[in-house]
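Just so it is clear, the model here is predicted, and its values are computed rather than measured. Chain A is the first sequence line, chain B the second, and so forth, proteins listed ahead of strands; every chain is numbered from 1.
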Amino acid sequence: MTVPRFYLTTAIDYANGDPHLGHALEKIGADVIARYKRAAGCDVHFMIGMDEHGQKVAQTAAAQGADPQAFTDEIAERFLATWAKLGISHDQFIRTTTPHHKAGVQALIRRIAERNPDDFYEQSYRGLYCVGCEAFKQPNDIEDGRCTLHPTRVLEEVEERNWFFRLSRYADFLRAHITANPGFVQPSSRRNEILGLLDQGLEDVSASRARLSWAVPFPLPLSTGETQGTYVWFDALPNYLTGTGFPDGDWETRWPAQLHVIGKDITRFHVVIWPAMLQAAGLPLPEQVWAHGFVQLGGERFSKSAGVKLDLHEAIDRFGADAFRYVLLREVPFDGDGNFSWERFEERYTADLANALGNLASRAVAMVEKYRDSVVPSVSVPAEEADDHEDIAAYHAALDGARGWLLHEGLSAVSRQVARANEYTAAMAPWQLAKDPNAAASLDVVLASLIRRLARISVQLAPYMPVRCADLWRTIGGPGDVHDVGVAQLAALDAGGWRVQKGAPLFPRPESTPATPAP
RNA sequence: GGCAGGGUAGCUCAGCUGGUAAGAGCGCACGACUCAUAAUCGUGAGGUCGAGGGUUCGAGCCCCUCCCCUGCUACCA
């Protein structure tokens, strides 16, 4: 039996500042997918990383008096520390300033030039150049003939000779591919936007730029002999490919990727430019690009300036990384936008984790200890559990990718199981059964059922809350590591004979209502 | 401006091709219980389904007009 391969990536983050809530949502979501796929028996390779070239990075580094490489080294460390704190289980962290990536980018460009010599051509690019920004400005950035960021300066009309990529040639191919493969771009709202974009026709894009000092040298010199820097598309996007080792070694065993998880704002680059590049190079396309939505902060649109308004580490520290992961994915539908606020964070944490789940575990374990000397009875399964299996099916349907990656729906399905277990407890009143010697058999069934439900819940929640679910699994006496329990085993799980051991509360209630910082 | 999606209880949203008296979760009020993290369970309050008109035996769901919101409309990433 062959193990299905599952290579998934997130967008690589731009090394121009510290990680914020928006970065975190994407990594957490992708991490849940990676962990679920591992539990589903796939051979998962999960890659994240950093996009480290470009004028902005060079400028920011210069502003701090730092060498750009040293600067990005520092940023990368900070991102890595954040991902470690959040429990991101990436298998690889790619950086675009590494020698292998740079060589891979050049190899890809040469490959395209060899296979489709007409796809790269030299052309003059003329535009309004802002000296302050050190960049060409588009009409949207210009007001009264001035750059909106540097209104005191006069825009210069500058002309330079660049390499261009003949993207326009691939419009029909892309439309056909997207039409024939509905799963290629998801959710469907993004797919529709791209189809609309294709209907407008495609323009060719720059592949190299002058004045781009902090960049991968474009491997083809201009006719003037000048060597330019590789422009962003041809540097950043290929990371998904160079991460496999391309062009060396056994990269073909991992490429194409099964899934690129990205933010909805960069959909176009991932489903238009990237596939066109791959097609030009004669390489297979990734199977799916999933564009998630954004987190708003206190009802405000999340932006770079708003990013500093929420200290990511403070949010993680408040209730722990697992709780943060849970609340974020519960509040923000992974196929759309959602809102984050301290109020909701607290409400969700208290209602879902402390009261519903944490207390369920606490009361069930306490009763097994008290009434059955900590050993879970081995008895038959009551009919009341039948409904759980519908929810388990819904859980899989939310996470197996067939309908997209509806992480929030997976959590809803588990929440229903938690609620049902609490209802069952109230209906059976095991504390009453314990008083009646003739009800011992009934009590056995109830207690075994509760621990069995908790076992299923901890397996299902493990991708979302890897640490707390391992704790829960240990508390109910589950054998081995919860992360080694395949989701296929859910239906057959049985806790008979397990020895429970009550520990500290999984999700302690907040001690006091925290102040509400202004967003 | 063009294209697309949306406006349903305080909040976040379900409502399939129109048809039993409009739903869920959270929050709120009251009651029950005591195994448990003062948790849990039950009951209840609360909605002119954006506005107006139309089609139909019947519309939150269809049609028209209008108001409002969001996304996309390509070289920052």
Take the protein atom [atom1] of [X] and the nucleotide atom [atom2] of [N], then report the distance between them rounded to whole Å.
| X | N | atom1 | atom2 | value |
| --- | --- | --- | --- | --- |
| A:Glu193 | B:A74 | CD | C1' | 13 Å |
| A:Glu346 | B:C26 | CD | C1' | 13 Å |
| A:Arg509 | B:A36 | CZ | P | 16 Å |
| A:Tyr349 | B:G25 | OH | C1' | 20 Å |
| A:Arg344 | B:C11 | CZ | P | 11 Å |
| A:Asp337 | B:G7 | CG | C1' | 16 Å |

Check your understanding: If you take atom types as modelled and just measure distance, does the side chain of A:Asn359 reach the base of B:A36 with a donor-acceptor pair under 3.5 Å?
Key ->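 Counting by modelled atom types and ignoring angles, a donor-acceptor contact under 3.5 Å is found here.
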Using a strict 4.0 Å threshold on nitrogen-to-oxygen distance, state whether [X] and [Y] make a salt bridge.
| X | Y | answer |
| --- | --- | --- |
| A:Arg420 | A:Glu423 | no |
| A:Arg95 | A:Asp73 | yes |
| A:Glu385 | A:Arg456 | yes |

**Study point:** Spacing of the C1' atoms in B:G50 and B:G7 (rounded, Å)
**Key:**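 Looking at atom C1' only, B:G7 and B:G50 are 6 Å apart.
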**Study point:** B:G27 and B:U70, which share atom name C1', separated by this distance in whole Å
**Key:**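 About 26 Å, rounded to a whole number of Å.
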Check your understanding: Relative to A:Trp431, does A:Arg363 satisfy both conditions: NZ or CZ under 6.0 angstrom from the six-membered ring centre, and within 45 degrees of the ring's axis?
Key ->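 That pair does not qualify as a cation-pi contact.
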Review point. Just checking, A:Arg166 and A:Tyr121: is the charged tip under 6.0 Å from the six-membered ring centre and within 45° of the axis?
Key: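 Yes.
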Which of these nucleotides, [options], is closest to any side-chain atom of [X]?
| X | options | value |
| --- | --- | --- |
| A:Ala351 | B:G25, B:C76, B:G27 | B:G27 |
| A:Ile266 | B:A77, B:G42, B:U37 | B:A77 |
| A:Tyr14 | B:A77, B:C41, B:G71 | B:A77 |

Review point. With distance as the sole test, does A:Asn162 use its side chain to make a donor-acceptor pair with the main-chain N or O of A:Ser206 at under 3.5 Å?
Key: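 No, the answer is negative, given that no donor and acceptor are paired below the 3.5 Å cut-off.
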Please write out the pairs of protein N or O atoms and N or O atoms of nucleotides 29-35 of chain B separated by less than 3.5 Å, giving the distance to one decimal.
| from | atom 1 | to | atom 2 | distance (Å) |
| --- | --- | --- | --- | --- |
| B:U34 | OP1 | A:Gln432 | NE2 | 3.2 |
| B:C35 | O3' | A:Lys370 | NZ | 3.4 |
| B:C35 | O2 | A:Arg363 | NE | 3.1 |
| B:C35 | N3 | A:Arg363 | NE | 3.4 |
| B:C35 | N3 | A:Arg363 | NH2 | 2.6 |
| B:C35 | N4 | A:Arg363 | NH2 | 3.2 |

Check your understanding: When all nucleic acid strands are considered with a 4.0 Å heavy-atom cut-off, which category describes A:Asp265: base, sugar-phosphate, or nothing?
Key ->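 The residue A:Asp265 makes base contact.
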Practice item. Indicate, with a heavy-atom threshold strictly under 4.0 Å, whether A:Glu423 touches base, sugar-phosphate, or nothing. Key: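 Sugar-phosphate, no base atom in range.
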Exercise for review: Ignoring backbone atoms, test whether A:Lys502 places a side-chain nitrogen or oxygen under 4.0 Å from the OP1 or OP2 oxygen of B:A36.
Suggested key: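 A:Lys502 to B:A36 OP1/OP2: no side-chain N or O under 4.0 Å.
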Check your understanding: Quick one: is B:U40 close enough that its OP1 or OP2 comes under 4.0 Å of any side-chain N or O from A:Asn355?
Key ->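 So the side chain of A:Asn355 is within the cut-off, an N or O lying under 4.0 Å from OP1 or OP2 of B:U40.
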Check your understanding: Minimum heavy-atom separation for A:Ala11 to A:Tyr240, with atom names?
Key ->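 So the two residues come closest at CA-OH, 3.5 Å.
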Revision key, fill the gap. Dot-bracket assigned to RNA chain B with the 3.5 Å Watson-Crick/G-U criterion, [ ] for crossing and | for other-strand pairs, is (((((((..((((.....[...)))).(((((.......))))).....(((((..]....))))))))))))....
